[in-house]
Amino acid sequence: MAGRWCSVRAWLAVLLPAIVTAGAVTAGAAMADEPRFIVPVDCDMGLVCAIQQHVDRDPGQGIADFAGGRLTYDGHDGTDFRVRDRVDMARGVPVVAAAAGTVLRVRDGEADIEGRARDAAIAADRMAGNGVVIDHGDGWETQYSHLRQDSIAVIPGQRVAAGDVLGLVGQSGFADFPHVHFAVRHNGQAIDPFGQDQQSDLWDDSADAVLGYRGGGILNLGFTPNPPRMEGVERGVYSTTELPSTIDAIIVWTALFGVRVGDRIDLVLSDPDGGVVVSQAITVERDRASQLYFAGRRKPDGDWQPGLYLLTVRFDRPAGVMPARQEERSARLVVTP
């Protein structure tokens, strides 16, 4: 399962030896005078960034996020803010302090590792990778894990304001995708900042405005002349926006997160005249933390018609699969003579 080792507990023994977590509680169950947090990443939520995993609110072996959905995994004690791929990561997406406080601990120098090479390369006490811990007073702390190597911009003892840059989104430690694992604790107890609703959560108004629950949806989409793989999607190698008219095939793809049984995904590619080149409807048969779908067409007799092609991806979660929602994204491809 994506991100299954993203919990900060393995890092606590090194950075915070006095703290013991004992399962997440809701923000509404926390003490009064709790802090209010801004979004801990400086990016376009819903386009460049998305929440792929929430805190697991099920006290047993099952899973449940704060909205009653399944956008989490067993024991997950933070919120994972991800970027689309390693191209976004390389461009640099700032991780910022969610509230004012004092930097307690930092760690940097851990490599951003992807794929199977990571499994043997990371020690048990380095699974959270590079990160920062901030003390907000009255027993409140936040932790930011998996930051990009050599990006940490603060030092222990430094005072930070909400919005100050701490580092960059990365894939250090045991991370299945580029993201920051944002954890909130009060007196050592993991807290879910989403609470039960907007009246009991720990987000400020600016965060509430952009952190509406998605429960799953479109991460990215694009074009390639060859069948894509999820590893390539994560690396951003299928990001072409131009292909020659002599290309043997045009394949369209979309990567999604949090798909549920019964979700429907439609991929439609239109040619410069509006004619349908590819039309593929998929009904999800298995819950997945992340999933890649693609469809394509071989070159017709002669070459492809030069001009602008439009890919439309529609995500439809029907009523009865919580929460029902629809989403549509598009991308353009120029076919050159």
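Computation of the quantities below employed the complete heavy-atom set of this structure, encompassing side-chain atoms and omitting hydrogens, waters and symmetry-equivalent molecules.
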Check Gly216 against Arg325 and note the closest heavy-atom contact, atom names and distance.
->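 Shortest heavy-atom contact: O-NH1, 2.7 Å.
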ILVMFWY cluster, Leu269 and Val233 together (side-chain gap under 4.5 Å) |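 Per the 4.5 Å side-chain linkage, Leu269 and Val233 are not co-clustered.
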Which is it for Arg314 and Ile265 under the side-chain contact (heavy atoms from CB on, under 4.5 Å) test, yes or no, and what are the steps along the way?
-> CA-CA 6 Å; Arg314 299 184 184 92; Ile265 294 93; over 6 Å; no
Criterion side-chain contact (heavy atoms from CB on, under 4.5 Å) on Arg126 and Arg107, from CA distance to verdict = CA-CA 10 Å; Arg126 293 293 189 271; Arg107 182 166 67 208; 3.3 Å; yes
Pairing residues for Glu231 by the side-chain hydrogen bond (donor to acceptor under 3.5 Å, both in side chains) criterion, not counting sequence neighbours =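 Expected list: none.
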Non-neighbouring partners of Arg235 that pass salt bridge (Lys or Arg N to Asp or Glu O under 4.0 Å), sequence neighbours left out |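 So Arg235 forms a salt bridge (Lys or Arg N to Asp or Glu O under 4.0 Å) with Glu114.
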Do Trp140 and Val39 belong to the same hydrophobic cluster, where Ile, Leu, Val, Met, Phe, Trp and Tyr are linked whenever their side-chain heavy atoms lie under 4.5 Å apart, directly or via other members?
->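 Yes; Val39 is reachable from Trp140 via cluster members.
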Interatomic distance, Gln53 atom CD to Asp65 atom CG [nearest 0.5 angstrom] =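 Gln53 CD to Asp65 CG: 9.5 Å, rounded to 0.5 Å.
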Between atom CD of Glu110 and atom OG of Ser145, what is the distance when rounded to the nearest 0.5 Å?
->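 Reported to 0.5 Å precision, the distance equals 12.0 Å.
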Under 3.5 Å, is there a donor-acceptor pair linking the side chains of His186 and Asp138?
->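 The criterion, which ignores hydrogens and geometry beyond distance, is not satisfied for Asp138 and His186.
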Provide the full list of ring pair (Phe, Tyr, Trp, His ring centres under 6.0 Å) pairs with a residue in residues 37-60, sequence neighbours left out, each pair given once.
->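 Every ring pair (Phe, Tyr, Trp, His ring centres under 6.0 Å) pair that includes a residue of residues 37-60, provided the two are not neighbours, is Phe37-His136, Phe37-Phe182, His54-Phe66, His54-Phe194, His54-Tyr213.
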Is there a donor-acceptor pair closer than 3.5 Å between any side-chain N or O of Asp271 and the backbone N or O of Gly274?
->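 Yes, because the side chain of Asp271 sits within donor-acceptor range (under 3.5 Å) of the backbone of Gly274.
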What residues form a side-chain hydrogen bond (donor to acceptor under 3.5 Å, both in side chains) with Asp316, not counting sequence neighbours?
->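 Asp316: side-chain hydrogen bond (donor to acceptor under 3.5 Å, both in side chains) contacts with Gln326.
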Report the C-alpha separation of Ile134 and Leu166 in whole Å, then their side-chain angles, then the decisive distance to 0.1 Å, and conclude whether the side-chain contact (heavy atoms from CB on, under 4.5 Å) test is met.
-> CA-CA 10 Å; Ile134 297 177; Leu166 307 177; 3.8 Å; yes
Any chance CZ of Arg229 has more than 12 other-residue heavy atoms, nucleotides or ligands included, within less than 6.0 Å?
->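 No - once you tally the heavy atoms of other residues, nucleotides and ligands closer than 6.0 Å, there are 12 at most.
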For Val169 against Arg148, the heavy-atom pair lying closest together =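 Result for this residue pair: O-CB, 3.6 Å.
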Give the cluster check for Phe294 versus Leu256: same hydrophobic cluster or not, with ILVMFWY residues linked at side-chain heavy-atom distances below 4.5 Å.
->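 Phe294 does not cluster with Leu256.
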Does the side-chain contact (heavy atoms from CB on, under 4.5 Å) test come out yes or no for Trp304 and Arg297, once each step is laid out?
-> CA-CA 11 Å; Trp304 293 98; Arg297 181 176 172 181; 4.2 Å; yes
So, Arg264 versus Thr283: side-chain donor-acceptor pair below 3.5 Å or not?
->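 No.
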Sequence-distant partners of Asp112, side-chain hydrogen bond (donor to acceptor under 3.5 Å, both in side chains), two or more places apart |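 Expected list: none.
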Classify the angle between the aromatic ring planes of His179 and His146 as parallel (below 30°), tilted (30 to 60°) or perpendicular (above 60°).
->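 Aromatic pair His179/His146 classed tilted.
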Considering only NZ, NE, NH1 and NH2 on the basic side and carboxylate oxygens on the acidic side, decide whether Glu141 and Arg105 come within less than 4.0 Å.
->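 No, this pair does not count.
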List the atom of Ser172, the atom of Ala175, and the distance in Å for their closest heavy-atom pair.
->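 That would be O-CB, 4.0 Å.
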Report the residues that fulfil salt bridge (Lys or Arg N to Asp or Glu O under 4.0 Å) with Asp88, sequence neighbours left out, ordered by chain and then residue number.
->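 In terms of salt bridge (Lys or Arg N to Asp or Glu O under 4.0 Å), with neighbours along the sequence ignored, Asp88 is linked to Arg84, Arg91.
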With sequence neighbours left out, what residues match Gln149 under side-chain hydrogen bond (donor to acceptor under 3.5 Å, both in side chains)?
->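 side-chain hydrogen bond (donor to acceptor under 3.5 Å, both in side chains) check on Gln149 returns nothing, list empty.
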With hydrophobic residues grouped by side-chain heavy-atom distances under 4.5 Å, do Val335 and Val278 end up in a single group?
->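 Yes, Val335 connects to Val278 through the hydrophobic network.
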Go through the structure and list residues passing ring pair (Phe, Tyr, Trp, His ring centres under 6.0 Å) with Phe223, not counting sequence neighbours.
->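 Residues passing ring pair (Phe, Tyr, Trp, His ring centres under 6.0 Å) with Phe223: none at all.
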Residue pair Gln158 / Ala153: nearest heavy atoms and the distance that separates them =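 Looking at all heavy atoms of both residues, the shortest contact is OE1-O, 4.3 Å.
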Can you tell me if CD on Gln61 sees more than 12 non-hydrogen neighbours from other groups inside 6.0 Å?
->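 Not more than 12 within 6.0 Å, no.
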Not counting sequence neighbours, which residues clear salt bridge (Lys or Arg N to Asp or Glu O under 4.0 Å) with Asp44? List them please.
->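 Applying salt bridge (Lys or Arg N to Asp or Glu O under 4.0 Å) to Asp44 gives none.
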Honestly curious: do Val83 and Ile218 fall in one hydrophobic cluster under the side-chain, below-4.5 Å linking rule?
->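 Different clusters.
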More than 12 heavy atoms from other groups under 6.0 Å of CG on Asp273 =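 Yes, CG of Asp273 has more than 12 neighbouring heavy atoms, counting only those of other groups under 6.0 Å.
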Residue pair Cys43 / Val93: nearest heavy atoms and the distance that separates them |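 Between these two residues, the closest heavy atoms are CB-CG1, 3.8 Å.
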Please round to the nearest 0.5 Å and tell me the distance separating atom OG1 of Thr72 and atom CD of Gln52.
->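 Between atom OG1 of Thr72 and atom CD of Gln52 there are 11.0 Å.
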Side-chain (Asn130) to main-chain (Gly109) donor-acceptor, under 3.5 angstrom =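 Checking the backbone N and O of Gly109 against the side chain of Asn130, a donor-acceptor pair under 3.5 Å is found.
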Ignoring hydrogens and geometry, is there a side-chain-to-backbone donor-acceptor pair from Arg86 to Gln171 under 3.5 Å?
->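 No, because the side chain of Arg86 does not come within donor-acceptor range (under 3.5 Å) of the backbone of Gln171.
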Can you tell me how far the NE2 atom of His76 sits from the NE2 atom of His181, to the nearest 0.5 Å?
->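 Output value for this atom pair is 4.5 Å.
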How far apart are the closest heavy atoms of Asp74 and Ile63, and which atoms are they?
->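 For Asp74 versus Ile63, the nearest heavy atoms are N-CG2, 3.2 Å.
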Would you please name every residue forming a ring pair (Phe, Tyr, Trp, His ring centres under 6.0 Å) with Phe257, sequence neighbours left out?
->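 Applying ring pair (Phe, Tyr, Trp, His ring centres under 6.0 Å) to Phe257 gives none.
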Donor-acceptor list for residues 243-255 side chains, cut-off 3.5 Å, not counting sequence neighbours:
{"residue": "Ser245", "atom": "OG", "partner": "Thr336", "partner atom": "O", "Å": "3.3"}
{"residue": "Trp253", "atom": "NE1", "partner": "Tyr238", "partner atom": "O", "Å": "3.4"}
{"residue": "Thr254", "atom": "OG1", "partner": "Asn220", "partner atom": "O", "Å": "3.1"}

Partners passing ring pair (Phe, Tyr, Trp, His ring centres under 6.0 Å) against Phe81 (at least two apart in sequence or in another chain) |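 For Phe81 there are no ring pair (Phe, Tyr, Trp, His ring centres under 6.0 Å) partners, ignoring immediate neighbours.
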Working to the nearest 0.5 Å, report the span between CD1 of Ile155 and CG of Asp108.
->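 Here the interatomic distance stands at 13.0 Å.
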